[in-house]
Amino acid sequence: MLWPHKDLLCISQLKTAEILHVFEMARRFAEINTRPVKKVPILKGKSVILFFVEPSTRTKTSFDIAGKRLSADTYSLAASSSSLRKGENLKDSALTLQAMHPDALVLRHQQSGASEFLAQRLSCSVINAGDGWHAHPTQALLDGFSLSEAWGDDMSGKTVLIVGDIAHSRVARSDVLLFTALGAQVRLCAPRTLLPAGVRQWPVEIFSNLAEACRGVDAVICLRLQLERQKAGLLPDLREYARTYGLGAGHLNRANPGVLVMHPGPMNRGVEIDAALADAENSLILDQVSAGVATRMALLFLFLTRKDASDSGDGPSGRSESHQPHPPLLQED
Amino acid sequence: MPGPDLIVRNVRWQDELVSLWISQGVVQRLASPDEPSADGEQLHGEGMLLLPGLIDAHVHLREPGFEYKEDIASGLEAAARGGFSTVLAMANTKPVNDTAAVTALMRDRATRAHPYGPRLHPVGALTKGLAGQELAPLVELAEAGCVAFSNDGMPVANPDLFRRAMEYASDMGLVVIDHCEDPFLAEGTSMNEGRVSGLLGLKGQPVVAESMQVARDILLAEYLGLPIHLAHISCRQSVELIRWAKDRGVQVTAETCPHYLLWTEELLRGYNTLAKVNPPLRTNEDVLALRQAVREGVIDMLATDHAPHAAHEKEVPMDEAPNGISGLDTALSLSWSLVREGVLSLQDLITRWTVGPATRFSLPVNRFLPGDPADFILFNPDLEWTVTPESLHSKGKNTPCLGQTLPGRVVTHGIAGKVLFHNASAA
């Protein structure tokens, strides 16, 4: 497939066929992760900067492992160890990094739109690893890949419920876009204080009662509740939240047989999800983590091997289409 | 009667071709275009629209303290080029304009930089340091030359303090200008709360953050029997409250800005920090309500809320970007586009930019009657210009208009009969 994108900023930029292409690639790369020697040379000589201004453990590690398994050189940078701490602004920090000629910059930032801001200013690929409340496209792709492994790519007829702090969740926004694109019905369940403005115009059903919301669903994605939401006055206390919106076994009895449970992590066991459910047979939570590495390998491959826009004479916008061959997956380094 | 010092010939005023006769800084009369005169300098404005010099009741000129964004000299240059003969400058400078010394400095800088105008009238701080805790010395500020008081940018949350400020200011016959915003509902917001903020993942400011304070101010004004002026109104709900208040005879006046009449929250898509302004750009429904209110006079005046910023300050992610649009250079063209589209009449435009603010703030205004101050502009309605950083005289290049082609441009500007500039090539 031609991969036309310079940057990955939001699921909304991807066509359904492109999402499925990422899944197909991820399936191929997942196999590498099960080998005794988990490394192939297809991105040898490429360099990826992991610029995580907002702290992260799993996403950063996932990208790091994904890059290294494809033999890319990865460089980690956190806000605490960057010039941002000395007062440098984001643009200058990023331009400084670009001057070292990376092929991609993976950005995690606490502000919505930060990735788009950098993508407009950098010639290397910018991959959004989470920006504020806005988007977390790689998480959505790994969530979708996890479910596609269970259900197949066509998700029409399936219903996915997302429960928890939708308003402040980049995962929820990206998941809604992705699952809708794949044909699934999406439900959201949250107290009114944790629903974003304008949500009634989203292509979703909205519930405030978790038991009602769970009726007939095929998958439930629980979102992490940030504990500071209580201090912000959005809910009275964690006990009440857990009692009202924490996923328990009783809720799942109303779901369709074989219902799958997911969580983007990190989990507050006993708050948004009953501890036993997180470890149950129908939990995909650890599968999501594995899928994350495979999905990010696929994404790094697609973005780092796309034909450079400057080669096509289409200018710096990077809108030209380019072609990737299928990766030589069987060749070990 | 002495002969004219200056005759501006062959200009269009209210569908007639006239000549403007000026003597000793004031309008002598409007005369037939071919009426001869042996005296006076002649200025030929063939086909240009003759308009009174505009009054902008709401600008931020940044001096003292933030001269890298704008200084009084550059701000007044932008005002002159934009057609504004008079501007009211807000108090959120550094130090804040809460002492006579700052007021005097602002007036002195204005006179030195632009001895013939545009005129700068400082607006004094309502509270010390704009902190919303203690009244500023309003008498001292008035004596130094402030023409109104406002905590613009830092709204006063405490209704009792706000009441006392209105009462105290009334002793001097001066009005309080309120930036209507509930600070709790507005805290940490970057744009209007609604569909777009939900999609972009930005914390939005609900319209009630404004309209609740509009309601508070109206009720206080009615209770006290005192006037209040409401700054940069942005939403339908506020308009409805103001209409209700005026029907009840409350002494309320209000302003809105060209950007609230033209653009919606959709402009924020793509995290366009140039469109980040406070109050935020709202919805199409709000734009339509504001347009109607301006037509009907429910909104008494237009103002720019000129808020220049340095380029690097806007070139950051949305949450970090300061609020504000640089407006003096583009305001007349933007509002002229509304006349061209039939949204406003030419008379609406003139009244809202001149009579409205002049009446509220007790300023002289040119109605082209004998004895009026000879503040005038010649405006070429057919000239189109493309907004580039270089085309703006303000230091602030922060406008969503960049790259757009706007209609109409000021060709000539005279203040008190003195021609500040005459761009014959644009005529």
Side-chain angles (χ1 to χ4, degrees), chain A residues 9-13 53-54 84 87-95 107-121 128 130-137 165-174 176-177 188 190 194-204 206 232-234, chain B residues 68 182-210 235 237 264-276 279-286 309-322 398 402-403:
Chain A
L9 305 176
C10 180
I11 291 296
S12 62
Q13 76 186 79
V53 179
E54 183 185 80
L84 289 172
E88 187 173 60
N89 67 28
L90 181 61
K91 178 191 161 195
D92 288 335
S93 290
L95 289 177
L107 179 71
R108 160 71 61 93
H109 201 281
Q110 67 277 10
Q111 293 196 35
S112 298
S115 297
E116 187 160 342
F117 174 79
L118 286 195
Q120 290 165 358
R121 289 162 178 81
N128 183 2
D131 62 330
W133 307 344
H134 171 232
H136 197 348
D165 183 0
I166 311 292
H168 307 96
S169 174
R170 51 196 172 214
V171 176
R173 281 179 178 78
S174 292
V176 167
L177 291 167
L188 304 177
L194 296 180
L195 286 172
V199 72
R200 306 271 163 201
Q201 292 163 282
W202 293 13
V204 297
I206 296 167
L234 297 172
Chain B
Y68 68 97
D182 180 281
F184 298 102
L185 284 168
E187 187 182 358
T189 59
S190 291
M191 64 175 299
N192 182 49
E193 181 175 270
R195 184 165 154 267
V196 181
S197 70
L199 293 174
L200 294 180
L202 293 170
K203 188 175 180 189
Q205 184 187 117
V207 289
V208 289
E210 174 179 303
C235 65
Q237 211 172 36
T264 70
E265 61 184 2
E266 294 291 329
L267 214 56
L268 276 292
R269 283 185 190 273
Y271 301 95
N272 179 6
T273 58
L274 293 177
K276 184 180 177 184
L281 299 178
R282 306 287 191 182
T283 65
N284 197 46
E285 181 191 32
D286 296 302
H309 292 290
H312 72 269
E313 293 175 313
K314 283 282 195 180
E315 208 176 9
V316 291
M318 184 64 77
D319 287 342
E320 286 176 30
N398 50 302
L402 285 179

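Below, chains carry the letters A, B, ... as their sequence lines are ordered, and counting in each starts from 1. Predicted, not measured: the structure shown is a model, and the values here were computed from it.
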Choice from S169(A), G198(A), A197(A) maximising heavy atom contacts with chain B below 4.5 Å: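 Looking at each of S169(A), G198(A), A197(A) in turn, A197(A) comes out on top.
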Under 3.5 Å side-chain donor-acceptor pair for Y271(B) and Q111(A):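 No, no side-chain donor-acceptor contact under 3.5 Å.
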Can you give me the closest heavy-atom contact between I166(A) and P196(A), atom names plus distance?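 Heavy atoms of I166(A) and P196(A) come nearest at CG2-CD, 3.8 Å.
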Run the salt bridge (charged side-chain N to carboxylate O under 4.0 Å, His left out) check on E266(B) and R195(B) step by step: do they pass? CA-CA 9 Å; E266(B) 294 291 329; R195(B) 184 165 154 267; 3.7 Å; yes
To the nearest 0.5 Å, what is the distance between CG on N128(A) and SG on C10(A)?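 One gets 8.0 Å once the value is rounded to the nearest 0.5 Å.
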Side chain, backbone, both or neither: which part of R121(A) has an atom under 4.5 Å from a heavy atom of chain B?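 Side chain only.
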Go through E193(B), H312(B), E315(B) and name the one with the most non-hydrogen pairs under 4.5 angstrom from chain A.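 That would be E315(B).
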